[in-house]
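On a predicted model such as this, the values are computed, not experimentally measured, just so you know.
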Amino acid sequence: MGDAGASSLLLADVGTSAQRFVSVFVGVYVLLIFAYIITSWIPGGGSPTLERVRQFLYDVCEPYLRIFRRVIPPLGPLDLSPIAAVFALYLLGMLVNALIGRVL
């Protein structure tokens, strides 16, 4: 195998690693959004550990969800913005992975 073959394998490996990173990032962020939603159903004033977890999830998820809340108004007590946010995140992840596949 020549130098060109080795560099082509290296690029393929880099591309696969980048695609895997994007997929894992999207999966973890979706799980964080779900955890944020579930902890929002638990009444406040609980344990300090739960409040720290809730604050972390708020800090991580709320800026992204706020983008969708500006566009999608709540339907009474039902907030559909997390559904749109997760859907958009999956679409973006698929798009980025497709672009990485084409470039590398």
Side-chain angles (χ1 to χ4, degrees):
M1 182 180 308
D3 194 32
S7 79
S8 135
L9 281 176
L10 180 61
L11 280 177
D13 188 39
V14 168
T16 302
S17 295
Q19 288 173 325
R20 199 172 302 135
F21 173 79
V22 169
S23 296
V24 169
F25 179 81
V26 167
V28 168
Y29 202 77
V30 166
L31 288 175
L32 289 172
I33 290 172
F34 284 143
Y36 177 63
I37 293 166
I38 290 170
T39 58
S40 73
W41 296 339
I42 300 170
S47 71
T49 304
L50 176 62
E51 293 305 317
R52 282 193 295 269
V53 168
R54 189 179 291 179
Q55 184 62 45
F56 168 76
L57 292 171
Y58 176 85
D59 292 343
V60 170
C61 298
E62 192 59 34
Y64 178 64
L65 292 175
R66 199 174 301 129
I67 296 167
F68 295 91
R69 288 195 179 118
R70 285 187 215 143
V71 179
I72 304 170
L75 300 172
L78 188 61
D79 183 12
L80 299 178
S81 60
I83 295 169
V86 167
F87 184 68
L89 195 58
Y90 273 124
L91 285 178
L92 184 64
M94 289 183 344
L95 176 68
V96 169
N97 278 339
L99 287 173
I100 291 170
R102 285 194 178 189
V103 170
L104 300 178

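One hydrophobic cluster, built from ILVMFWY side chains closer than 4.5 Å, holds both I83 and L78. In terms of hydrophobic clustering, with Ile, Leu, Val, Met, Phe, Trp and Tyr side chains grouped at heavy-atom distances under 4.5 Å, Y58 and V53 are assigned to a common cluster. Under the 4.5 Å side-chain heavy-atom criterion for ILVMFWY residues, no single connected hydrophobic cluster contains both L75 and W41. No single ILVMFWY cluster, assembled from side-chain heavy atoms under 4.5 Å apart, contains both F56 and I42. In the hydrophobic clustering of this structure, V26 groups with I37; members are Ile, Leu, Val, Met, Phe, Trp, Tyr whose side-chain heavy atoms approach within less than 4.5 Å, directly or through other members.
Judged as a salt bridge (charged side-chain N to carboxylate O under 4.0 Å, His left out), the pairs with a partner in residues 70-88 (not counting sequence neighbours) are, in order, R69-D79.
With sequence neighbours excluded, the residues that form a side chain to side chain contact (heavy atoms under 4.5 Å, CB included) with V28 are V24, L32.
Summarising the geometry, atom CD1 belonging to I33 is positioned 5.0 Å from atom CG belonging to L65; distances are rounded to the nearest 0.5 Å. A distance of 9.5 Å separates CG of L92 from CZ of F25, quoted to the nearest 0.5 Å. To the nearest 0.5 angstrom, T16 atom OG1 is 10.0 Å from N97 atom CG. With rounding to the nearest 0.5 Å, the separation of CD1 in I38 from CG in L57 is 10.0 Å.
In plain terms, the two heavy atoms of Y29 and C61 that are nearest each other are OH-CA, 3.7 Å. Nearest heavy atoms, T39 versus R54: O-NH2, 3.1 Å.
Other cluster members for F87: L91, M94, joined by side-chain heavy-atom distances under 4.5 Å among Ile, Leu, Val, Met, Phe, Trp and Tyr.
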query: Does the pair V30 and Y90 meet the rule for a side-chain contact (heavy atoms from CB on, under 4.5 Å), with working shown?
result: CA-CA 9 Å; V30 166; Y90 273 124; 4.0 Å; yes
task: Check the pair V71 / I67 against side-chain contact (heavy atoms from CB on, under 4.5 Å), numbers first and verdict last.
output: CA-CA 7 Å; V71 179; I67 296 167; 5.8 Å; no
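Here the side chain of Y64 pairs a donor or acceptor atom with the backbone of A85 at under 3.5 angstrom.
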